[in-house]
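One structure is given here, and the rest of the page talks about it.
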Amino acid sequence: MFARTTLPWPLVALFTAGYLAPYLLPTTVGRLDSGLPLTATEAGAVGSALLLSSAAAGFLLASRVDRAGPRTLARIGLTLAVLGYGGAALAHAVPAVVMGALIGGFGSGTSTAVAATGIAAQPDPHRTTTVGLLGVSALAGAVYLTVPHLGPGHGQPLAAIALTALAVWPLTGRLPLATAPIRSRETRAPLPHLRAGLLLAGTLLCWSLAQNALWGVSGRIGLTQAHLSEATVGAVFAIALGAGLLGVVGAGALGPRLGRALPIGGGTVLIAACITLSASATDLTSFASGEIAWNTLYPIVLSYVIGLAASLDPRGRWAVLVGSASSLGTAAGPLTGSLLATRAGFPAMGTVLAVGLLLIAVPMTAVAMGAGRRTLPVVEIPVETQAYDKATAA
């Protein structure tokens with residue numbers, strides 16, 4: 001039995017550093033478009049490549065964190081993030097920027113893999129996840145408010161990610177360094193709940209794709225369809241991210257009281273309605289209402305999904321794999337939204353995305369209900385998993 005301890009702040013910080021790049025994707029892509037000789041499609045492709053690199057790191061490291069050592073991998077990931085994003089921020093040649101984004105993305109994915117593995121070993125993964133999302137939302141909101149005042153150029157959001165990784169690096173000293181002894185064949189257990197895990201990973205990929213398909217074109221909706229100024233659209237986004245903070249706080253306060261099925265299934269249905277409202281907005285009221293409501297609900301549902309993934313495997317492998325699947329959907333989202341909006345218009349895009357969310361809400365809810373009825377197999381917690389609690393509980 002684990003005692004309720006203080007939060008594992010090194011894992012929360014790693015989570016924040018790893019998730020910041022997806023949260024800043026709209027401003028990163030927009031700055032690449034305006035600050036470099038790239039078209040909007042090419043800038044979006046660079047952003048997608050960054051997130052694909054992050055997802056690749058997650059898939060590669062899902063079962064290797066405990067073998068390589070959490071502290072070692074975390075430092076490697078943060079170093080790659082600092083060098084990659086920092087180099088891309090300072091470079092002006094497109095190939096150098098692309099290479100830096102790829103290196104930084106792999107670093108973000110590595111950091112996220114270490115954080116997800118450690119969070120899954122906590123007695124209350126949902127609580128730790130909500131605090132991590134709170135940190136990401138607050139930091140991203142601050143960047144969105146600050147970057148417009150720092151002048152033109154593509155480097156500011158990339159530099160913000162690099163500086164965050166640099167600030168988190170000293171905290172890795174509180175992560176365990178030693179790995180467990182070579183495991184026996186019995187200890188190298190296969191992934192538990194394979195069907196539920198694969199279903200959750202597949203549906204979350206589609207879920208994240210729908211969210212980021214809207215997020216990637218939200219600025220264009222506000223400017224061209226709702227006929228708002230750039231300053232007004234930026235203010236709406238800032239308020240929406242603030243609402244997201246409230247959503248994360250609410251999710252943390254609720255905890256497991258509502259179970260997982262209702263927040264995941266019901267929340268996804270409400271998000272589908274918000275996407276429809278935002279995509280069809282023609283004035284400030286409808287645009288702001290849709291964006292603010294959507295940003296309030298999105299982190300709530302995501303926190304429960306991450307907690308659900310962590311519950312499927314106490315060693316954190318499903319948490320990493322499901323998170324990487326989410327990154328794949330995030331990477332494909334902006335391109336999907338642009339294609340749908342170009343060919344069918346924003347309202348039709350919103351309808352397609354909403355219908356897709358309603359369809360995947362059913363299997364996501366089923367996995368959540370099954371996890372609530374199921375008892376996880378009794379496993380011997382590895383030495384390095386126990387070390388997470390000792391090293392990060394201070």
Side-chain angles (χ1 to χ4, degrees), residues 18-58 80-109 140 143-144 147-148 150-162 205 208-225 230 233-234 237 279 324 326-346 348-350 352-353:
Y19 264 80
L20 185 60
Y23 267 67
L24 295 182
L25 186 64
T27 187
T28 300
V29 172
R31 288 279 175 146
L32 289 173
D33 179 20
S34 61
L36 294 173
L38 294 171
T39 65
T41 301
E42 290 170 342
V46 174
S48 294
L50 183 160
L51 296 175
L52 286 172
S53 180
S54 178
L80 290 175
V82 172
L83 295 177
Y85 293 124
L90 296 174
H92 296 283
V94 172
V97 172
V98 173
M99 182 58 66
L102 292 174
I103 294 172
F106 197 90
S108 291
V143 172
Y144 275 110
V147 164
L150 299 179
H154 72 283
Q156 288 87 340
L158 294 169
I161 306 172
L205 187 155
S208 296
L209 185 149
Q211 313 300 320
N212 287 278
L214 174 66
W215 187 234
V217 299
S218 287
R220 289 167 53 194
I221 293 173
L223 293 171
T224 63
Q225 183 171 275
E230 184 177 3
V233 171
F237 286 163
S324 298
S326 175
S327 295
L328 289 178
T330 300
L335 180 60
T336 301
S338 294
L339 290 175
L340 286 173
T342 300
R343 297 184 179 183
F346 293 121
M349 176 206 71
V352 171
L353 296 177

Task: Interatomic distance, Gln225 atom CD to Leu223 atom CG [nearest 0.5 angstrom] - done: 11.5 Å

Open item on the list: What's the separation between atom OH in Tyr23 and atom CG in Asn212, rounded to the nearest 0.5 Å?
Closed with: 10.0 Å

TODO: Please name the pair of heavy atoms, one in Gly86 and one in Ala162, separated by the smallest distance, quoted to 0.1 Å.
DONE: N-CB, 3.6 Å

Open item on the list: Less than 4.5 Å apart, side chain to side chain, heavy atoms only: is that true for Leu214 and Met349?
Closed with: yes

Task: Smallest separation among heavy atoms of Ala160 and Val143, with atom names - done: CB-CG2, 4.1 Å

TODO: State, to 0.1 Å, how close Gly47 and Val29 come at their nearest heavy-atom pair, and which atoms those are.
DONE: CA-CG2, 4.2 Å

Task: Non-hydrogen atoms of Ala279 and Gly350 that approach each other most closely - done: CB-CA, 3.5 Å

- [ ] Give the minimum heavy-atom separation between Gly151 and Arg31, together with the two atoms involved.
- [x] O-NH1, 2.7 Å

- [ ] Evaluate the side-chain contact (heavy atoms from CB on, under 4.5 Å) criterion for residues Leu50 and Tyr85: first the C-alpha distance (whole Å), next the side-chain angles of each, then the deciding distance (0.1 Å), finally the verdict.
- [x] CA-CA 10 Å; Leu50 183 160; Tyr85 293 124; 3.6 Å; yes

Open item on the list: Is it the case that the ring center of Phe237 lies less than 6.0 angstrom away from the ring center of Trp215?
Closed with: yes

Task: Side-chain (His154) to main-chain (Ala88) donor-acceptor, under 3.5 angstrom - done: yes

Open item on the list: Donor-acceptor pair, distance only, cut-off 3.5 Å: does the side chain of Ser53 make one with the backbone of Phe106?
Closed with: yes

Open item on the list: Please give me the minimum heavy-atom distance between Ala43 and Leu32, naming the atom from each residue.
Closed with: CB-CB, 4.0 Å

- [ ] Let me see the working for Thr224 and Phe346 under side-chain contact (heavy atoms from CB on, under 4.5 Å), right down to the final yes or no.
- [x] CA-CA 10 Å; Thr224 63; Phe346 293 121; 3.6 Å; yes

- [ ] Taking the side chain as every heavy atom from C-beta outward, state whether Glu42 and Val46 have any atom pair closer than 4.5 Å.
- [x] no

Open item on the list: Pair Thr330, Leu209 - check side-chain contact (heavy atoms from CB on, under 4.5 Å), show working.
Closed with: CA-CA 5 Å; Thr330 300; Leu209 185 149; over 6 Å; no

Task: Flag side-chain contact, heavy atom, 4.5 Å: Leu340 against Leu353 - done: yes

Task: Distance in Å, Leu102 CG paired with Leu51 CG, rounded so as to fall on 0.5 Å steps - done: 10.5 Å

